[in-house]
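Keep in mind the model is a prediction, meaning the values are calculated, not measured.
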Amino acid sequence: RRRETESELLAATAEEMATAYEAGLLREEPSRLVEVASGEGAIAARLEEMYARAEHEVCLFDTPPYLAPAGPQVDLQADLLSRGIVSRGIYSATGLEDPKTLSRAFRMVELGEQARVLPSVPLKLLVVDGCRALLPLTASSAGGYCAVVVWHSAVTEALQKLFELAWQQAAPLGQAVDDGELSESERTLTRLLAAGMKDEAVARHLGVSLRTLRRRVSDLQERLSAASRFQLGMRASQRGWV
């Protein structure tokens, strides 16, 4: 027990010394705080490295415009989840209006990602273990892809806090439970409504008219004796539909 205690103290001391050393390096050479990655290939390499080094949790802001194909990142996130790393993503409702983005988001939820949605997301962002962050420096691909990696500092702590504040305000983007009460189209409808999407966007995804969509929503409200859409959402959540 004594040796165990000594080992724990040594580990804590080593961690404190590493933190102090890192802080000292930043004071002596502030340029170590950030690293600029230019070009799609360089950014992809940094992204892969950050996912591979994740030990506890990855937090992600997802919003358009998208500067690169989503495929490689989906594979990285899937591998991350298979390793038991927690993944939390906040999606922009406007981004989910794109069928490919919506399909990708639901796929990640199926794999185990904790996903939420906001009407808008402030920026694209990846934070790994609360101490490393990646965010784009360019808003379009016209001038070439460019992103910045930020190492552990007050900046990464602030970015993590920004994510946590947004997480508290965001609505869950869950997977409807297949309990036999809903048809496939009704499950899709409840998930799209839960994402906070506008009626026009939901109708486009379902391939129906606005009139048909509103009739279906009205039917769901009647089934759950819900006087409003808000009450419909609450009762659908209580039943595990979203």
Open item on the list: With side chain to side chain contact (heavy atoms under 4.5 Å, CB included) as the criterion, how do His152 and Glu157 come out once you've worked through the C-alpha distance, each side chain's angles and the decisive distance to 0.1 Å?
Closed with: CA-CA 8 Å; His152 192 196; Glu157 291 174 5; 3.8 Å; yes

TODO: Test Asp219 against Arg215 for side chain to side chain contact (heavy atoms under 4.5 Å, CB included), laying out the working first.
DONE: CA-CA 6 Å; Asp219 289 344; Arg215 177 177 54 77; 3.8 Å; yes

Open item on the list: Determine whether Leu134 and Met50 satisfy the following criterion, side chain to side chain contact (heavy atoms under 4.5 Å, CB included), listing intermediate values before the conclusion.
Closed with: CA-CA 9 Å; Leu134 175 71; Met50 291 180 72; 3.7 Å; yes

Task: Worked check of side chain to side chain contact (heavy atoms under 4.5 Å, CB included) between Leu135 and Val148 - done: CA-CA 6 Å; Leu135 58 158; Val148 62; 3.8 Å; yes

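Atoms CG and CG, from Leu111 and Asp79 in turn, are 11.0 Å apart once rounded to the nearest 0.5 Å. Atom SG of Cys131 and atom CD of Glu55 lie 8.0 Å apart (nearest 0.5 Å). Lys124 contributes atom NZ, which lies 10.5 Å from atom CG of Leu60 (distance to the nearest 0.5 angstrom). Here NE2 of His205 is found 12.0 Å from CG of Leu189. Values are rounded to the nearest 0.5 Å. Note that CG of Leu210 is 9.5 Å distant from CZ of Arg204, once rounded to the nearest 0.5 Å. Between the CE atom of Met108 and the OG atom of Ser103 there is a distance of 11.5 Å, given to the nearest 0.5 Å.
With respect to Glu4 and Arg1, no salt bridge is recorded, no charged nitrogen being found less than 4.0 Å from a carboxylate O. Between Arg46 and Glu35, at least one side-chain nitrogen of the basic residue sits less than 4.0 Å from a carboxylate oxygen of the acidic one, meeting the salt-bridge criterion.
Residues Gln160 and Glu164 have side chains that bring a donor and an acceptor to within less than 3.5 angstrom of each other.
Between Gln77 and Tyr51, some side-chain heavy-atom pair lies under the 4.5 Å cut-off. Residues Pro136 and Cys146 fail the side-chain proximity criterion, which asks for heavy atoms closer than 4.5 Å. Two residues are said to be in side-chain contact when any heavy atoms from C-beta on lie closer than 4.5 Å; Val58 and Val86 fail this criterion. For the pair Val121/Tyr91, no side-chain contact is recorded, criterion being any heavy-atom separation below 4.5 Å from C-beta on. Within the 4.5 Å cutoff, the side chain of Asp62 has no heavy atoms near those of the Ile90 side chain. Looking at heavy atoms from C-beta onward, Leu206 lies in side-chain contact with Val202 at the 4.5 angstrom threshold. Glu97 is not listed as a side-chain neighbour of Glu200, based on a closest heavy-atom distance of 4.5 Å or more. By the 4.5 Å heavy-atom criterion applied to side chains, Glu48 and Leu76 are counted as neighbours.
Here the closest non-hydrogen pair linking Ala115 and Val109 is CB-CG2, 3.6 Å. The minimum heavy-atom distance linking Pro119 with Ser92 is given by the pair O-OG, 3.9 Å. Between Thr156 and Ser153, the closest heavy-atom pair is OG1-O, 2.8 Å. Between Leu118 and Ala170, the shortest heavy-atom distance links the atoms CD2-CA, 3.5 Å. Contact detail for Leu80 and Ala54: the closest heavy-atom pair is CD1-CB, 3.6 Å. Residues Leu159 and Ala133 come closest through the heavy atom pair CD1-CB, 3.7 Å.
Placement of Leu123 and Leu165 in two distinct hydrophobic clusters is found when ILVMFWY residues are connected by side-chain heavy-atom separations under 4.5 Å, directly or transitively.
Taking the centre and axis of the six-membered ring of Trp167, the NZ or CZ atom of Arg88 falls inside the cone set by 45° and 6.0 Å.
Around CZ of Arg83, the count of heavy atoms belonging to other residues, nucleotides or ligands within 6.0 Å exceeds 12.
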